[in-house]
Amino acid sequence: MEIEKFELGPVMTNAYLVYDETKGTGVVIDPGMNPDRLIDRISDLKLKIEAILLTHAHLDHIGGLEEVRTRFKAPVYIHELEQSWLSEPKLNGSAFFPGFTPIVCKPAENTLTGTETLSLLDEQIQVLHTPGHTPGSVTFYWDGLAFSGDALFQNSIGRTDLPGGDYDILMKSIRNTLMEMPDETRVLSGHGPETTIGRERVHNPFVTGM
């Protein structure tokens, strides 16, 4: 299994391409704005994209959604609490930032509750509801990998001052879900470098002492 990270858009949002080159299949996680490099890489590899997985529906994580979905005819998965965010600029945040065109996406083909397991890439991907940054934030977890969106970063956590954010709920998600993972779990966040649960347990000032 290969993982490639693409820093997309004006706030350098991490989009991930996870794929099995031998089988020619892949999934995309959080296709951010200006996704041309991501699209070109998928095309170069001649991958069949089995799914587009969204950790949450903020503008910087869904800015390239329609381009990627249209190009590769891939179904979209999002938590049920944020299905409406895809088509509502006031919810996904694109209505509030100067210089951004309001983002209006089609509904996701699949909604999640945060309790299911997805069979993709011949793997069993756990969907874990990790709200706080947004109400429907999820972490995709399998094979020692945690794609945490904007819940947890290296030395930091997601902001909670945007609509739907809640600091106490986010800290509960981190404490009761993410910090229950093994120390060696790789955390692939929505922004910034990769980290591990063990590293954050020791060095993240928001997490130390949990």
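Looking at Met179 and Ile174, their side chains come closer than 4.5 Å, going by heavy atoms from C-beta outward. Put simply, the side chain of Glu194 does not reach to within 4.5 Å of the side chain of Ile3, judged on heavy atoms. The shortest distance between side-chain heavy atoms of Val27 and Phe147 does not fall below 4.5 Å. Looking only at side-chain heavy atoms (C-beta outward), Met33 and Thr13 stay at 4.5 Å or farther from each other. Residues Tyr77 and Val138 are not in side-chain contact: their nearest non-hydrogen atoms beyond the backbone lie 4.5 Å or more apart. Contact of the Glu67 side chain with the Asp36 side chain is registered, since non-hydrogen atoms from C-beta on lie closer than 4.5 Å. Contact annotation: the side chain of Pro89 approaches that of Val104 to within less than 4.5 Å [non-hydrogen atoms, C-beta and beyond]. Inter-residue side-chain proximity for Leu118 and Leu112 is flagged as met; some heavy-atom pair is nearer than 4.5 Å.
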Notebook entry, point to check: Which is it for Thr130 and Thr177 under the side-chain hydrogen bond (donor to acceptor under 3.5 Å, both in side chains) test, yes or no, and what are the steps along the way?
Noted result: CA-CA 7 Å; Thr130 47; Thr177 302; over 6 Å; no

Margin query: I'd like to know whether Phe72 forms a side-chain contact (heavy atoms from CB on, under 4.5 Å) with Ile39, so could you lay out the CA-CA distance, the side-chain angles of the two residues, the decisive distance to 0.1 Å, and finally the verdict.
Written below: CA-CA 9 Å; Phe72 299 106; Ile39 290 172; 4.0 Å; yes

Checklist line | side-chain contact (heavy atoms from CB on, under 4.5 Å) between Val11 and Phe97, worked out | finding: CA-CA 12 Å; Val11 294; Phe97 290 91; over 6 Å; no

Item checked: Criterion side-chain contact (heavy atoms from CB on, under 4.5 Å) on Val127 and Phe140, from CA distance to verdict -> CA-CA 5 Å; Val127 183; Phe140 297 103; 4.0 Å; yes

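Proximity of a side-chain donor or acceptor of His129 to a complementary backbone N or O of Pro135 within less than 3.5 Å is detected. A donor-acceptor pair under 3.5 Å is formed between the side chain of Glu116 and the backbone N or O of Gly114. Remark: the backbone N or O of Gly144 is not paired with any side-chain donor or acceptor of Arg186 at under 3.5 angstrom. Between the side chain of Asn14 and the backbone N or O of Ser189 there is at least one donor-acceptor pair closer than 3.5 Å. Without hydrogens or angle criteria, Asn204 side chain to Ser156 main chain gives a donor-acceptor distance under 3.5 Å. Checked by atom type and distance alone, the side chain of Asp30 pairs as donor or acceptor with a backbone atom of Thr55 at under 3.5 Å. Within the 3.5 Å criterion, the main-chain N or O of Trp142 finds no donor-acceptor partner in the side chain of Gln124.
Under a hydrophobic clustering in which Ile, Leu, Val, Met, Phe, Trp and Tyr are joined whenever their side-chain heavy atoms come within less than 4.5 Å, directly or via other members, Leu8 and Leu17 fall into the same cluster. Side-chain heavy atoms closer than 4.5 Å link hydrophobic residues (I, L, V, M, F, W, Y) into clusters, and following such links, possibly through other members, connects Ile42 to Leu54. Tyr19 and Leu121 are members of different hydrophobic clusters when ILVMFWY side chains are connected at heavy-atom separations under 4.5 Å. Two different hydrophobic clusters hold Ile169 and Phe206 under the rule that ILVMFWY side chains link at heavy-atom gaps under 4.5 Å. Taken together through direct or relayed side-chain contacts under 4.5 Å among Ile, Leu, Val, Met, Phe, Trp and Tyr, Ile29 and Leu152 form parts of separate hydrophobic clusters.
Other residues, nucleotides and ligands contribute only 12 or fewer heavy atoms inside 6.0 Å of the CG atom of Asp122.
Distance CG/Asn176 to CG/Leu128: 12.0 Å, rounded to 0.5 Å. The CD1 atom of Ile52 sits 12.0 Å away from atom CD1 of Ile62, with the distance rounded to the nearest 0.5 Å. Atom CG of Leu81 is separated from atom OG1 of Thr113 by 9.5 Å, given to the nearest 0.5 angstrom. The CG atom of Asp60 lies 8.5 Å from the CD1 atom of Ile103; values are rounded to the nearest 0.5 Å. Between atom OG1 of residue Thr25 and atom CG of residue Leu47 there is a gap of 7.5 Å, rounded to the nearest 0.5 Å. The structure places CG of Asp40 at 11.0 Å from CG of Leu45, a figure rounded to the nearest 0.5 Å.
The two atoms that bring Leu170 and Gly158 nearest to each other are CD2-O, 3.3 Å, heavy atoms only. For Ala108 against Val76, the heavy-atom pair with the smallest separation is CB-O, 3.6 Å. Shown here for Asp150 and Gly190, the closest heavy-atom pair between the two residues is OD1-CA, 3.4 Å. Asp161 approaches Arg159 most closely through the heavy-atom pair OD1-NE, 2.7 Å. Across all their heavy atoms, Gly64 and Pro35 have their closest contact at CA-CG, 3.8 Å. Considering every non-hydrogen atom in both Glu7 and Lys5, the closest pair reads OE2-NZ, 4.0 Å.
Using a 4.0 Å cut-off between charged nitrogen and carboxylate oxygen, Arg69 and Glu109 count as a salt-bridge pair.
Residues passing the salt bridge (Lys or Arg N to Asp or Glu O under 4.0 Å) test with Glu4, sequence neighbours excluded: Arg41.
For the 3.5 Å distance criterion, the side chains of Arg199 and Asn155 qualify, holding a donor opposite an acceptor.
Just one residue in the list His191, His79, His58 forms a ring pair (Phe, Tyr, Trp, His ring centres under 6.0 Å) with His133, and that residue is His58.
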